[in-house]
Protein chains: 2
Amino acid sequence: MNSFTEENYLKAIFKLSQKTNDGVSTNAIAESLETKASSVTDMIKKLSEKKLVNYKKYQGVSLTKKGKDIAVSIIRNHRLWEVFLVEKLNFKWDEVHDLAEDLEHINSKKLTNQLDAFLEYPKYDPHGDPIPDKDGNIHRHQDITLADLKLNEQGIVVGVKEHSKSYLNYLESINLVLGTEIKVKEVVDFDRSMSVTINKENTVNISHQASKNLIIKRS
Amino acid sequence: MNSFTEENYLKAIFKLSQKTNDGVSTNAIAESLETKASSVTDMIKKLSEKKLVNYKKYQGVSLTKKGKDIAVSIIRNHRLWEVFLVEKLNFKWDEVHDLAEDLEHINSKKLTNQLDAFLEYPKYDPHGDPIPDKDGNIHRHQDITLADLKLNEQGIVVGVKEHSKSYLNYLESINLVLGTEIKVKEVVDFDRSMSVTINKENTVNISHQASKNLIIKRS
DNA sequence: ATATATTTTTAGATTAGTCTAAAAATATTT
DNA sequence: AAATATTTTTAGACTAATCTAAAAATATAT
């Protein structure tokens with residue numbers, strides 16, 4: 001068995017490798033887990049002993065098959081629990097992350113799969129992140145954001161790239177939730193802010209900072 | 001915040017004080033948590049520092065109000081999760097204990113109360129143990145077991161005093177589940193075994209060991 | 001009431017995970 | 001290519017929770 005701490009390292013390494021393709025650096029892991037580089041080195045050695053990561057001194061680290069399987073299954077747990085909290089227990093999408101961080105470490109294949117069935121095999125969590133299936137397959141959205149849309153193009157909001165409470169609250173305050181239809185009415189050249197129409201009803205102004213974190217499916 | 005370990009000590013002390021009324025002994029705690037007396041002494045000192053237990057060397061230990069509140073809320077969590085696992089995720093009553101041991105430590109009043117509401121405020125868990133309410137009140141069953149019933153008396157099975165997989169499996173194999181109506185048809189004097197009729201249908205023989213662990217409500 | 005047995009506590013060591021400070025390796029600049 | 005900066009690793013220390021072995025306190029038996 002692996003400790004919560006080990007699992008959190010595996011998850012962090014998995015998420016960081018998504019971005020880089022390359023080996024993940026000690027410092028990147030330290031930053032992501034809000035710990036010190038020396039602690040990371042220690043833990044990497046331990047994970048390497050357990051054959052969960054590939055590691056050569058000073059060369060960065062990558063997950064082995066075994067390590068990746070664990071990371072993916074924890075992410076699966078996390079996202080299923082988020083769905084449960086929102087769909088069944090009436091939590092808001094900005095309230096579920098921390099609880100899911102704890103729940104994800106409850107280690108039972110049966111629990112995970114029964115929960116999945118109970119929720120009717122959801123494909124995405126409340127933030128639009130894809131839920132890995134039983135076999136660890138992840139169907140990612142195409143990486144198109146609102147900021148990529150040109151004048152008069154339209155799409156459906158299918159996810160967010162930034163998960164902070166403040167961003168999620170802001171989106172909700174302007175009625176921008178998953179499934180919302182959005183159309184670009186104006187693009188301001190100098191700061192890349194946009195005017196967009198939401199659900200063919202109201203029009204709002206959105207900063208580039210906000211639009212580049214909104215994942216869109218063209219429609 | 002308290003660690004899982006601290007919470008488990010509080011829970012163990014709470015359960016042991018139910019039985020004794022008196023202060024709980026170091027050895028009793030050690031046995032219940034499958035650890036050593038010396039470890040218990042160390043932890044008791046720590047809990048005492050935190051004002052969660054009353055402790056005087058060599059005099060046994062008892063919970064303070066604060067300690068008791070924590071213990072009860074963990075038991076509430078445990079039993080609510082057991083209901084969830086059985087009612088919503090189709091677990092059997094002999095499969096849920098270990099998972100609930102983990103889930104009980106997820107610390108969120110909101111989660112607990114929303115789960116309670118989602119389950120429609122159950123009063124008992126799948127083994128008939130009472131679920132403490134929001135304010136920590138516990139409505140215990142009267143302590144009558146099948147072994148207390150006389151010839152021709154009858155009652156409803158409302159709980160078990162022994163939670164081992166083997167006992168629970170045995171009960172299920174003879175169709176003895178919560179809610180079953182049971183009537184004493186014969187009591188064998190020398191070994192106190194009984195013949196009982198289950199749901200007015202079939203009649204089975206039950207050892208004293210089995211009957212004294214079955215909690216009954218007279219009917 | 002003294003001797004013996006049991007229980008509880010203390011002393012000192014161990015393991016997991018973390019940290020700081022310094023050393024070693026790698027990367028960047030001039 | 002040497003000097004400087006950055007990153008990574010090592011060395012050694014700390015805390016939480018545990019353990020074994022021995023000492024101290026309490027309980028039981030004769």
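Chain identifiers are assigned alphabetically (A, B, ...) following the order of the sequence lines, protein sequences preceding nucleic acid strands; residue numbering begins at 1 within each chain.
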Main-chain N/O of B/His127 paired with B/Asp125 side-chain donor or acceptor, under 3.5 Å: yes
Remember a base hit wins even if backbone is also touched, and classify B/Tyr9 as base, sugar-phosphate or nothing at under 4.0 Å, heavy atoms. sugar-phosphate
Ignoring the backbone of B/Thr41, work out which of C/dT8, C/dT18, D/dT18 is nearest its side chain. C/dT8
Exercise: identify the closest heavy-atom pair between B/Asn205 and B/Ser193: OD1-OG, 3.8 Å
Pairing donors with acceptors under 3.5 angstrom, does anything connect the side chains of A/Asn54 and A/Thr64? no
Quick test: give all pairs of protein nitrogen or oxygen and nucleotides 21-29 of chain C nitrogen or oxygen below 3.5 Å, distance rounded to 0.1 Å.
| residue | atom | partner | partner atom | Å |
| --- | --- | --- | --- | --- |
| C/dA25 | O4' | A/Tyr58 | OH | 3.4 |

Can B/Asn27 and B/Ser25 be counted as having a side-chain donor-acceptor contact under 3.5 angstrom? no
What nucleotide, of C/dT8, D/dT9, D/dC19, holds the atom closest to the side chain of B/Asp42? D/dC19
For C/dT9, take OP1 and OP2 only and decide whether either is under 4.0 Å from a side-chain N or O of B/Thr26. yes
Nearest-Å distance, NZ (B/Lys36) to P (C/dT8)? 15 Å
Does a side-chain heavy-atom distance below 4.5 Å link B/Leu146 with B/Met194? yes
Keeping the roles fixed (side chain from B/Glu87, backbone from B/Phe84), state whether a donor-acceptor pair exists under 3.5 Å. no
DNA chain C-proximal residues of residues 48-56 of chain B, any heavy atom under 4.0 Å: B/Tyr55
Describe the nucleic acid contact of A/Thr5 in one word from base, sugar-phosphate, nothing, applying a heavy-atom distance below 4.0 Å. sugar-phosphate
Looking just at side-chain N and O atoms, do A/His105 and A/Asn8 make a donor-acceptor pair shorter than 3.5 Å? yes
Please determine if A/Lys134 forms a cation-pi arrangement with A/Tyr121, meaning its NZ or CZ atom is less than 6.0 Å from the six-membered ring centre and no more than 45° off the ring axis. no
Quick one: is B/Asn27 getting a side-chain N or O under 4.0 Å of the C/dT6 phosphate, OP1 or OP2? no
Spacing between A/Met43 atom CE and D/dT8 atom P, to the nearest angstrom: 18 Å
